[in-house]
Each structure stands twice: as structure tokens, then as C-alpha cells.
Amino acid sequence: MRYRKDIDGLRAMAVIPVLFFHTNLGYFKGGFVGVDVFFVISGFLITSIIYNQILINQFSFIDFYERRFRRILPAFFFVVALTFPFAYKLMLST
């Protein structure tokens, strides 16, 4: 699948309601809409990739999950390493 700027624009627009929701100002209570839109866009992209690979007989579950893990796990471990000291201190404080 070729790169599409319009989808990046939609992703950016989906993040805005979430950011407003997390400001806790009370003006915007629909942050979940941005999350829903983001999930729909991600589902579209992932499904398009899988569909195109199936069409050319190159789809593999192992390759698919390996790509997901390589993309998600570095950010996951970074966040865990960053938050672990704070969580540890918070959980042990009485």
C-alpha cells in the first residue's frame, strides 16, 4: 500500500478530541470518539495490508505478528522502563 497523506491527516484529527478530553476542562466529553476513529483507521490500514498480501499469495500469520511485535514492543518496553520507578515508589508508599 502506498503512503497516503489523507489518512495521516485523519489520524491527527482523531487525536485532537482525545487531547481535549484529557485536559479535564469539562468542555469536551467525547474523547472516546477520537479513539474510535483512530481504531477504525488502523483497522482499515491493517486489513488493506493483509488483503494485498493475500492477493499476491505472500500472507503469513507469523510474519504479520512479527511485524506487529517489532513495531509495538520497543515503545512498550520504553514506557515500562520509564514508569516502573514511579509506580514502584507509589505502590510501596503508605
Side-chain angles (χ1 to χ4, degrees):
M1 170 177 246
R2 63 178 176 77
Y3 174 73
R4 294 181 52 181
K5 291 181 185 180
D6 56 338
I7 291 181
D8 273 351
L10 286 173
R11 281 180 168 173
M13 296 299 288
V15 169
I16 292 170
V18 176
L19 292 175
F20 283 144
F21 176 76
H22 283 290
T23 62
N24 290 326
L25 294 176
Y27 301 119
F28 195 80
K29 298 185 186 322
F32 58 88
V33 174
V35 174
D36 291 346
V37 170
F38 198 86
F39 280 141
V40 168
I41 294 168
S42 295
F44 168 74
L45 291 173
I46 290 171
T47 303
S48 298
I49 291 168
I50 291 172
Y51 179 73
N52 289 331
Q53 287 180 341
I54 288 173
L55 285 179
I56 58 175
N57 255 354
Q58 288 186 344
F59 179 73
S60 163
F61 280 109
I62 293 172
D63 291 341
F64 172 77
Y65 282 110
E66 181 182 352
R67 282 193 310 273
R68 297 293 134 229
F69 289 146
R70 286 179 185 255
R71 183 174 184 151
I72 293 170
L73 287 180
F76 170 76
F77 287 125
F78 176 75
V79 169
V80 168
L82 211 62
T83 59
F84 183 80
F86 299 106
Y88 184 77
K89 182 163 178 54
L90 179 69
M91 295 299 175
L92 289 182
S93 65
T94 56

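- Contact check for V37 versus I41: side-chain heavy atoms found under the 4.5 Å cut-off.
- Taking the six-membered ring where the residue is Trp, F61 and F59 present perpendicular rings, their angle passing 60° and hence far from 30°.
- In this structure, CD1 on I56 lies 12.0 Å from OH on Y51, to the nearest 0.5 angstrom.
- The hydrophobic cluster containing F69 also contains I50, counting ILVMFWY residues as joined when their side-chain heavy atoms lie under 4.5 angstrom apart, directly or transitively.
- Here the CG atom belonging to L82 is positioned 14.5 Å from the CZ atom belonging to F77, to the nearest 0.5 angstrom.
- V80 and L92 fall into different hydrophobic clusters, where Ile, Leu, Val, Met, Phe, Trp and Tyr are joined by side-chain heavy atoms under 4.5 Å apart, directly or via other members.
- Side chain of T23 to backbone of F20: a donor-acceptor contact under 3.5 angstrom is found.
- For the pair Y3/D8, a side-chain contact is recorded, criterion being any heavy-atom separation below 4.5 Å from C-beta on.
- Annotation: the span from S42 atom OG to R11 atom CZ amounts to 5.0 Å, rounded to 0.5 Å.
- Hydrophobic cluster membership differs between F78 and F86, with clusters built from Ile, Leu, Val, Met, Phe, Trp and Tyr side chains linked at under 4.5 angstrom.
- Looking at V18 and F38, their side chains never come closer than 4.5 Å, going by heavy atoms from C-beta outward.
- Taking the side chain as every heavy atom from C-beta outward, N52 and L55 approach each other to under 4.5 Å.
- You'll find the side chain of F64 reaches within 4.5 Å of the side chain of I46, heavy atoms only.
- No more than 12 heavy-atom neighbours from other residues, nucleotides or ligands sit within 6.0 angstrom of CD1 on I62.
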